[in-house]
Amino acid sequence: MSEYDHTAIEKKWQDEWARSGIYKTGTDSSKPKQYILDMFPYPSGEGLHVGHPKGYIATDVYSRMKRMQGYTVLHPMGWDAFGLPAENFAIKNKVHPRVAVDKNISNFKHQLSLIGLDYDWAHEINTTDPAYYKWTQWIFIQLLKKGLAYESFEPINWCPSCQTGLANEDLNADGTCERCDSVVEKRPMRQWVLRIKEYADRLLHDLDTLDWPEHIKEQQRNWIGRSEGAEITFAVEGADPVVVFTTRPDTLMGVTFLVVAPEHALARTSTDSTVSTYVRRALGKSEIERTGQKAKTGVLLPSVRALHPVTQEKLPIYVADYVLATYGTAAIMAVPDLDERDGEFARTVGARVAETKLMSADEALKVSDGVRKVQYRIQDWVFSRQRYWGEPIPVVHCEKDGVVPVPEAELPVTLPDVEHYEPTGTGESPLANIETWVNTKCPVCGAPAKRETNTMPQWAGSSWYWLRFMDPANNSALVAPENEKRWGPVDLYVGGDHAVRHLIYARFWHKFLFDIGVVHTIEPFARLEFLGFILAEDGRKMSKRWANVINPNDVIDTFGADAFRTYEMFMGPFENTIAWSTNGLVGTRRFIERLYRAQEYVVSEHVPQLDVALNATIKKVGDDIADFKFNTAVSQMMILQNEIDTIKKIGKDQYATYLKLVAPFAPHVTEELWHELGHTSSIHLEPWPEYDEAKLVSNTVTIAVQVAGKTRGTVALSRGAGEEEVLSAIFSDPKLMVHAPEKPTKVVFVKDRIINLIP
Ligand SMILES: [Zn+2]
Ligand SMILES: [Zn+2]
């Protein structure tokens with residue numbers, strides 16, 4: 001037996017698999033299908049560290065098992081390469097984003113290939129490829145045609161550092177920019193917006209149909225933030241009526257004043273200098289500052305009074321920045337007696353508090369002419385960016401015809417090459433400076449017209465990419481209907497980020513594509529598994545800053561891809577965040593070495609002592625991979641290895657079975673050992689082993705032998721042995737014979753456990 005040389009073995013089989021194409025997506029539609037998908041990466045300039053491939057290894061293990069279990073498997077990989085990260089990297093390193101992205105992709109592919117992942121590269125996609133984003137643009141045009149994309153001039157989140165507008169989903173929990181942590185401002189500017197709110201109820205309701213972790217569903221529910229209530233109109237002396245939204249119409253009789261947001265027309269049009277100063281200051285604060293501040297502030301709107309719809313009492317109206325423009329109607333009725341925030345505000349400004357007599361909500365709506373209303377926290381999706389590196393929004397502005405979609409036959413609208421792709425800071429994208437590109441003809445009237453210069457956000461390309469993997473080269477349709485029916489929906493989706501954002505946008509676009517007949521399922525991802533991250537050995541996040549990044553290339557060089565893969569699956573529960581441990585990796589490497597050396601123990605005959613351990617391992621490894629409990633699957637394989645090392649022999653067929661169980665985790669060494677056994681085809685195309693239920697538990701039982709209640713020893717017999725059989729075993733054992741009465745007066749026998757002979 002040669003020494004275990006992981007470098008030679010891994011190279012040899014990676015080359016061979018590429019040559020023979022064993023991971024080509026199956027076309028046999030008589031077999032059941034599995035579409036297994038990773039959240040595709042954006043190819044960063046830093047490449048992969050050891051934390052990144054954890055999810056990819058998991059889907060690799062899972063898809064290998066599924067293929068062996070007789071499924072045709074689609075397990076593709078591609079690149080989400082538009083957007084700010086790629087663009088910021090390119091600006092910082094003074095290379096064109098296209099050049100940087102191509103270089104980064106080839107580095108990522110090389111790294112992934114070293115790990116021995118079973119992707120079918122014939123299905124590779126890249127969101128920045130015009131042949132791909134042609135369809136991203138096509139979807140936008142369908143949204144526009146259905147009235148789900150519109151231009152808005154409302155104030156939006158503006159990152160002064162990234163110099164672009166952002167969606168709410170692009171902000172950190174504290175309201176800062178998710179990319180650069182800058183404090184985000186509100187700026188009024190023309191934007192393209194998608195009506196995701198129209199899908200809010202379906203996005204909420206259909207969560208119940210999904211096999212997703214509950215905490216992800218809960219985050220989506222909170223993000224959508226549906227609340228039921230009512231809109232009640234208050235007449236105002238000296239101004240237009242104010243409509244408020246309340247979740248508690250039953251508290252109407254406790255209302256003592258109204259509060260409007262600084263953005264409310266009543267506040268913005270006030271000529272009072274105290275009010276306008278307050279409004280100006282408030283608008284300079286971020287939403288998070290406004291909701292997070294300890295002391296509530298506000299000022300009275302002089303010379304206007306609201307009338308209580310029931311009592312006709314005159315109520316003061318305040319402007320206060322704890323009321324948000326994005327919630328409800330940007331105006332509330334204050335019930336300081338019952339509502340904590342209103343009470344706190346009343347104390348601050350010295351407003352009146354009255355005791356609230358509750359009335360039924362229906363009665364309150366009747367007497368106030370209120371209407372039931374549902375509010376959502378989710379806002380329509382701000383869909384344009386004032387940056388270069390994104391899909392051009394495929395519309396043209398004509399003086400006569402207004403916004404005109406680019407005819408579908410003319411797609412894609414390709415991103416022109418520019419010399420300066422840095423943001424302009426003027427609120428226009430760098431595309432605005434390329435006159436030859438901007439100036440075009442109106443597709444309707446032929447008059448000179450201008451192209452839209454905003455680009456799509458980085459989330460656009462990932463909002464439908466799973467469909468393109470099904471049919472990556474189709475130039476006449478986004479996906480052929482037969483391919484979509486064959487592969488949709490994604491059976492298993494794995495990633496570690498984007499509980500909202502991507503997973504909300506993707507569901508929204510999928511539902512829209514369902515509505516226009518492109519897909520046949522209402523949801524894109526039937527099952528979702530969320531992974532925990534891998535921290536550095538020091539327990540911190542891996543980062544250049546801490547100089548604690550571990551490159552998988554180095555690990556694979558030293559320990560081999562098989563040990564690396566198996567270790568990442570073994571290090572703890574998949575969903576847990578765990579620190580890297582080189583000691584742990586060394587232990588896993590030893591396991592692979594023991595597996596390799598076990599070929600010395602192979603004998604031609606069956607070894608019955610291994611039956612129980614082997615059958616238990618078949619069952620546990622299969623069940624655990626299916627359940628994403630990879631760590632316990634690996635530990636079961638180690639238990640079997642211990643048995644083999646103790647007995648020091650294993651039947652040839654048993655060893656072959658064992659190799660098949662390890663194959664998804666350690667595909668190279670098992671392929672090598674499989675061929676050493678004399679096989680000529682790949683182990684990865686073998687049927688998955690089945691266990692024998694009868695052999696799951698040991699067949700031998702130890703029965704305690706008592707005489708007059710005193711234990712005298714034990715006998716080992718086959719499970720289920722009867723009383724006669726036990727007695728004859730006792731009387732053929734010299735040590736027990738001497739104690740046992742030849743003719744007991746009574747025998748107490750508990751099958752498989754104990755026998756008591758009473759003299
Ligand atoms: Zn930023
Ligand atoms: Zn026109």
Side-chain angles (χ1 to χ4, degrees), residues 42 44-46 80 82-93 97 100 141 144-145 149 151 155-191 284-289 379 381-390 392-411 413 421-430 437-460 497-498 500-502 543 545:
Y42 97 84
S44 78
E46 270 131 48
D80 187 16
F82 267 139
L84 285 179
E87 185 170 339
N88 288 343
F89 172 85
I91 289 169
K92 197 173 147 209
N93 295 282
I141 287 174
L144 184 64
K145 285 180 175 169
E151 282 179 291
I156 57 140
N157 304 308
W158 173 264
C159 175
S161 163
C162 296
Q163 301 192 356
T164 184
L166 298 171
N168 281 356
E169 286 84 353
D170 294 323
L171 308 183
N172 292 320
D174 67 356
T176 54
C177 171
E178 195 247 347
R179 281 292 154 209
C180 71
D181 298 329
S182 302
V183 173
V184 167
E185 305 162 359
K186 287 277 181 191
R187 259 210 205 180
M189 60 191 325
R190 187 182 67 86
Q191 293 288 335
K285 292 183 193 169
S286 72
E287 203 160 281
I288 201 75
E289 280 178 86
Q379 298 298 308
W381 177 8
V382 175
F383 193 71
S384 41
R385 298 292 180 271
Q386 292 69 48
R387 299 287 301 236
Y388 168 68
W389 191 236
I393 291 177
V395 301
V396 160
H397 298 268
C398 167
E399 255 177 45
K400 186 164 136 280
D401 299 299
V403 168
V404 181
V406 171
E408 287 172 23
E410 288 174 24
L411 297 181
V413 176
Y421 42 83
E422 287 83 357
T424 62
T426 61
E428 280 204 281
S429 103
W437 185 82
V438 171
N439 292 318
T440 182
K441 274 187 184 139
C442 170
V444 175
C445 70
K450 288 197 182 296
R451 285 192 191 281
E452 171 66 52
T453 57
N454 282 330
T455 55
M456 298 189 195
Q458 69 204 62
W459 308 105
D497 208 345
H498 314 309
V500 287
R501 286 190 261 255
H502 162 59
S543 156
R545 189 161 113 209

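These numbers come from the heavy atoms of this one structure, side chains and all, not from hydrogens, waters or symmetry mates. Order of listing sets the numbers, starting from 1, for every ligand and every atom in it.
Surrounding CD of Glu178 are more than 12 heavy atoms belonging to other residues, nucleotides or ligands, all under 6.0 Å away. Within 6.0 Å of CD in Glu399 there are 12 or fewer heavy atoms belonging to other residues, nucleotides or ligands.
Salt bridge Arg385/Glu87: absent, no basic N to carboxylate O contact under 4.0 Å.
Trp437 carries Arg451 over the face of its six-membered ring, with the cationic atom under 6.0 Å from the centre and within 45° of the normal.
The Zn ion (ligand 1) has Cys159 SG, Cys162 SG, Cys177 SG, Cys180 SG as its protein N, O or S neighbours under 2.8 Å.
Under the 3.5 Å distance criterion, the side-chain polar atoms of Glu185 are left unmatched by any main-chain donor or acceptor of Arg187. With hydrogens and angles disregarded, no donor-acceptor distance shorter than 3.5 Å links the side chain of Asn157 to the backbone of Gly165. Thr455 contributes a side-chain N or O that, together with a main-chain N or O of Arg387, makes up a donor-acceptor pair within less than 3.5 Å. The closest donor-acceptor contact from the side chain of Ser429 to the backbone of Thr453 lies under 3.5 Å.
Each protein N/O/S atom under 2.8 Å from the Zn ion (ligand 2) was counted, for a total of 4.
The minimum heavy-atom distance linking Leu84 with Thr164 is given by the pair CD1-CG2, 4.2 Å.
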